[in-house]
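The structure appears below as structure tokens.
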Amino acid sequence: MLEIAFAKAVAQKSGVVVVPLAEGAALTGQAAALDKALSGALKRAIAAADFTGKKDQQANLLAPSAALKRVLLIGTGSEEAFAARGAERLGGAIAAALSKETEATVLAETLDAAAAAALALGARLRAYRFDKYRTTQKADETPKLAKLTIMPADAVAARAACGPVMAVAQGVELTRDLVTEPANILFPEEFADRAEGLKKLGVKVEVFDQKDLEKLGFGALLSVSQGSARAPRMVVMQWLGASGNVAADGKKIKKPKDPVVFVGKGVTFDTGGISIKPAGGMEDMKWDMAGAGTVVGLMAALAGRKAKVDAVGLVGLVENMPSGTAMRPGDVVTSYSGQTIEVLNTDAEGRLVLADVLYYAQQRFAPKFMIDLATLTGAIIVGLGHEYAGLFSNDDALAERLFAAGKATGEDVWRMPLAPLGERYDKNLKSAIADVQNIGGGRAGGSITAAQFLQRFVDGKPWAHLDIAGMAWATKDSAVTPKGASAFGVRLLDRLVADHYEG
Ligand code: BES
Ligand code: MN
Ligand code: ZN
């Protein structure tokens, strides 16, 4: 993990120094002092490299003095562009550019506390690695950046601003770790064990095993796990930051009051079941628990920064496998809500898991709102690609707040249609023999049909569904997210809570 420190700006004479420069800006403060100490080498390099400070532009001075190993000039673009998450992107760019250095210092006197914390966040998120299973990696292939010292206008204020931001980073990293683990290591029981780790943050964690779920009557969730050798789990996590009833041992906790509730799809591997998926790319289905992984990381973020909110996270954990005990297409199962479901395609399993967990969440917690996250449909990737998560909601105010939180964090959502029960897309869910069927007629509007199915298990209170199938992992590096699990949703929902539901 990248260590971040804030320090008062002093003259830099050795090591690796980063000089961020806005478009057309002159060297000031410590950057000007550095230039002077180097007899104008910085200014000469700026001219020689045609360095204008435009966004993402970089120029390197190697060994400009005996003690200075490197000076990295990095463009931050226009002031307006920089204000909108520019500091975070800058941090990401620095972490990427300096991955082969061990330590570096950033001259950031032009940054206020919030921007300095954002820079720290971006650097830390971009420096994330999952190296647990590499045993033969060569030293020159291993990123080395271990410490970044940032010198902002006010180091004390920046340090204070950075506290809650780093708690969110920790949540993101927890999610990325969970989502990256392969399915032979992370199956429902193991996932639940790891979620129990949140207890040390003051979160109450309850784990429901197969017997518990049978007793409750989770017929939809259990129909998915019945083909697997791995037993299912449901985990309920409660953070009572508003009621303030969190006991250190996580036990003597009162009931959450008017909580915000998050629900995650946790299919630790999705083969499709008897409606089996094609072999090509099936390995991607280890990511099919990203919704659940995000809910756990979000709870860690909220608890880690002691958010003044009562929040509940619930995850349904199953493995979807074909076997002699697996559910068949055409089977009818009884969900926790009492509604019967005709399962026409066993690969539309996420909605079966969510149906029971959503219904349980609203029965037990009377939420202010519920938001579920799920890698639910391939169709959302066809529709929105890898730029936006699909947002479906029965509540305009909640949808607008989510859209705004998306813009603020860069975890963007795009609203998709949702019709009232019995109308439009919902009509396609009419079953020949049960209350509802788990797929619509054909492939058309597949993400919407899936959302409509979920809505059958929602009582009409504010609810939003985020289809994150296109966002949960990335096949290439981006500003603050290295290739792999993105933890999309942790920052989005943390921001939603911070902006509207605290204090
Ligand atoms: N987990 C998949 C959705 C998915 C596909 C996520 C590709 C990420 C990448 C989900 O369980 C699924 O299989 N959905 C089916 C639904 C269909 C059978 C109605 C799909 O999208 O094909
Ligand atoms: Mn599936
Ligand atoms: Zn799935």
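Counting starts at 1 for both ligands and their atoms, in listed order.
Taking the Zn ion (ligand 3) as reference, D288 places its N/O/S atom OD2 nearest. Residue-level check: among N/O/S atoms of E349, OE2 sits closest to the Zn ion (ligand 3). When the Mn ion (ligand 2) is compared with the N/O/S atoms of D270, atom OD2 turns out nearest. Between the Mn ion (ligand 2) and the N, O or S atoms of E349, the shortest distance is to OE1.
Taking the side chain as every heavy atom from C-beta outward, V260 and D310 never approach each other to under 4.5 Å. Within the 4.5 Å cutoff, the side chain of S431 has no heavy atoms near those of the V436 side chain. Inter-residue side-chain proximity for K204 and L198 is flagged as unmet; no heavy-atom pair is nearer than 4.5 Å.
Contact annotation for D288 and ligand 1: only side-chain heavy atoms (C-beta onward) come within less than 4.0 Å of the ligand.
Distance remark: protein heavy atom present below 4.0 angstrom from atom 1 (N) of ligand 1.
Within the structure, the closest approach of R351 to ligand 1 falls below 4.0 Å when heavy atoms are considered. The shortest separation from a heavy atom of R443 to ligand 1 is not under 4.0 Å, leaving the residue out of contact.
Closest to atom 12 (C) of ligand 1 among all protein heavy atoms lies D347 O, 3.2 Å. Protein heavy atom in closest approach to atom 6 (C) of ligand 1: A469 CB, 3.6 Å. Here the heavy atom of the protein found nearest to atom 7 (C) of ligand 1 is M285 CE, 3.7 Å.
Counting backbone and side-chain atoms alike, D347 contributes no N/O/S atom closer than 2.8 Å to the Zn ion (ligand 3).
Set against the non-hydrogen atoms of N345, the atoms of ligand 1 under 4.0 Å away are 18 (C). Interface of K265 with ligand 1, defined as ligand atoms under 4.0 Å from a residue heavy atom, comprises 1 (N), 10 (C), 11 (O). Counting the atoms of ligand 1 from 1 in the order shown, those under 4.0 Å from a heavy atom of T375 are 1 (N), 2 (C), 3 (C), 6 (C). Atom numbering of ligand 1 starts at 1 in the shown order; those under 4.0 Å from a heavy atom of E349 are 11 (O). For ligand 1, the atoms sitting less than 4.0 Å from at least one non-hydrogen atom of G378 are 3 (C), 4 (C), 5 (C), 20 (C), 21 (O), numbered in the order shown with element in parentheses. Every atom of ligand 1 is numbered from 1 in the order shown, and the set under 4.0 Å from a heavy atom of I439 is 19 (C). Atoms of ligand 1 found under 4.0 Å from any heavy atom of T377, numbered from 1 in the order shown, are 3 (C), 21 (O).
Classified by interplanar angle (parallel below 30°, tilted 30° to 60°, perpendicular above 60°), the ring pair Y360/Y336 is tilted. Classification of the H465-W463 ring pair by plane angle, with boundaries at 30° and 60°, yields parallel.
Summarising the geometry, atom CD belonging to E400 is positioned 9.5 Å from atom CG belonging to D395; distances are rounded to the nearest 0.5 Å. We find the CZ-CD1 distance between R89 and I94 to be 12.5 Å, quoted to the nearest 0.5 Å. The CG atom of L493 sits 6.5 Å away from the CG atom of L402 when rounded to the nearest 0.5 Å.
Proximity of a side-chain donor or acceptor of D435 to a complementary backbone N or O of T340 within less than 3.5 Å is detected. Between the side chain of D347 and the backbone N or O of I276 there is no donor-acceptor pair closer than 3.5 Å. Using modelled atom types, no side-chain atom of Y425 and backbone atom of P417 make a donor-acceptor pair closer than 3.5 Å.
For atom 3 (C) of ligand 1, the nearest non-hydrogen atom from the set I468, N320, L376, L344 belongs to L376.
Just one of K132, K286, R176 meets the salt bridge (charged side-chain N to carboxylate O under 4.0 Å, His left out) condition when paired with E181; it is K132.
By the neighbour-count criterion of 12 heavy atoms within 6.0 Å, atom NZ of K257 is sparsely surrounded, having that number or fewer from other residues, nucleotides or ligands.
Vertex the Zn ion (ligand 3), arms ending at NZ of K265 and OD2 of D270: the angle is 170° after rounding to 10 degrees.
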